[in-house]
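Take a look at the structure set out below.
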Amino acid sequence: MTEFNRIFLRPGKDKPVLQRHPWIFSGAIAGVEDGTADGAIVSVCDRSGAHLGYGYFNGRSRISVRMLSFGDRAVDGALIRERLLSAIEKRKRTGVTVTTNAFRAVFGEGDFLPGLIVDSYDEHLVIQILTLGIERMRETVIGLLEDVYSPHSMYERSDHAGRSIEGLAGRSGQIIGNTPEEIIIRENGLRFIVNVRRGQKTGFFIDQRDNRSLIARISRGRSVLNLFSYTGGFSVAALAGGALEAVSVDVSAPAIQMAERNALLNGLGDRSRGVHADAFEYLRGEDIPYDLIIIDPPAFAKNRESVAAACRGYKELNLQTIKKCRPGALVLTCSCSRFIDMDLFQKVVFGAAADAGRAVSILHTGHHPADHPVSIFCPETAYLKSLLLQVD
Ligand code: SAH
């Protein structure tokens with residue numbers, strides 16, 4: 001019935017596919033038709049040969065197939081266009097495009113386009129291709145993005161370490177137009193400088209927008225310590241919200257310089273201070289005479305194997321902070337490791353609170369915002385977790 005090569009699932013392994021989970025792990029596959037190339041679109045079949053849907057294949061990856069459609073819907077440019085348009089609609093419906101001009105326009109599995117990330121910074125697009133399957137459709141995807149968004153420019157930051165699992169080298173560079181060295185974006189009334197060429201990830205951690213807004217609301221009259229500050233997003237939000245001072249700590253010198261510039265850009269430079277340091281060492285060495293502390297480390301768990309070590313890292317940060325902070329202090333503690341869910345993260349923070357011997361309440365739990373939609377079929381798309389703690 002199809003010109004596509006077929007892969008066959010082991011008995012019982014069709015259930016997640018029937019439930020629209022987009023990932024098929026290598027262990028679920030009973031057989032692959034001869035000549036099926038890595039990166040090719042395949043017809044996914046159950047053990048009896050009945051077609052379940054289409055996805056792209058990569059025998060090198062533990063996730064050997066990522067599904068693009070279920071049932072008979074063909075995978076073509078029209079399908080991708082439909083998904084892009086639906087993604088734009090979601091951002092508009094949830095008001096994201098009103099509060100900011102920096103948003104995630106395509107969030108991989110969350111927008112039913114596994115392997116593709118697109119961020120929009122004042123209508124300059126930055127794309128990140130994470131899988132061989134999308135790499136094979138690169139020209140189509142770029143053409144459609146150009147058509148659907150009419151962006152000022154398009155830049156590629158496919159330098160994610162995860163590409164090596166897919167057998168892909170990193171690639172970054174200009175695709176369309178001329179992306180400025182620095183783009184000034186606005187978020188909830190504040191302005192930030194974004195360097196999409198040299199910044200981390202695609203340039204800015206847009207996934208913390210809602211938490212930055214929370215911090216702005218609770219900062220008045222508080223002294224703020226922003227650990228893992230990157231370019232000072234939380235510091236600027238806190239100062240704009242009336243914080244007495246904000247200290248940004250990051251191990252990256254360019255990030256700290258940019259944090260200072262971002263504070264100045266918003267007229268808040270006089271109450272901002274940058275510290276170029278390792279946050280673990282900083283916490284061990286210093287007193288913490290602050291009454292709002294933000295802990296937003298990078299993803300410590302890059303895979304399932306590193307979860308235990310990652311938990312030790314999170315525990316250490318939270319233990320030192322909870323132990324040393326002022327009575328009544330607020331702590332916003334975050335984890336962006338996909339392999340650590342909220343349940344486990346809360347247990348780690350519980351362990352830290354118990355060891356610190358302080359009374360801790362959770363005042364608020366947070367997630368990434370609406371431009372990072374979570375597919376109900378793929379709970380793994382929810383990666384950012386945060387707890388706002390009060391420490392007495
Ligand atoms: N909260 C930021 C994003 C943080 S991203 C925002 O809202 O924009 C994580 C940051 O941690 C990066 O800037 C990285 O340079 C920094 N980092 C990584 N390891 C670190 C360490 N051991 N000590 C201090 N900073 C670290």
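In listed order, ligands and their atoms are each counted from 1.
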Only residue of Arg338, Arg83, Arg20, Arg66 satisfying salt bridge (Lys or Arg N to Asp or Glu O under 4.0 Å) with Glu109 is Arg66
Test salt bridge (Lys or Arg N to Asp or Glu O under 4.0 Å), reference Asp371, set Arg209, Arg91, Lys90, Arg93, output is Arg209
_Salt bridge flag under 4.0 Å for residues Glu245 and Arg222_ = no
### Query
Are a donor atom and an acceptor atom from the side chains of Tyr54 and Ser43 found within less than 3.5 Å of each other?
no
Sorted by chain and number, sequence neighbours left out, ring-ring contact (aromatic ring centres under 6.0 Å, His included) with Tyr314 holds for Phe300, Phe345
Report the C-alpha distance between Val247 and Val249 in whole Å, list the side-chain angles of each, state the deciding distance to 0.1 Å, and finish with yes or no for side chain to side chain contact (heavy atoms under 4.5 Å, CB included).
CA-CA 7 Å; Val247 175; Val249 178; 4.3 Å; yes
Close residues (non-hydrogen atom under 4.0 angstrom from ligand 1) work out to Gln200, Phe205, Arg212, Phe228, Ser229, Tyr230, Phe234, Asp250, Val251, Ser252, Ala277, Asp278, Ala279, Asp296, Pro298
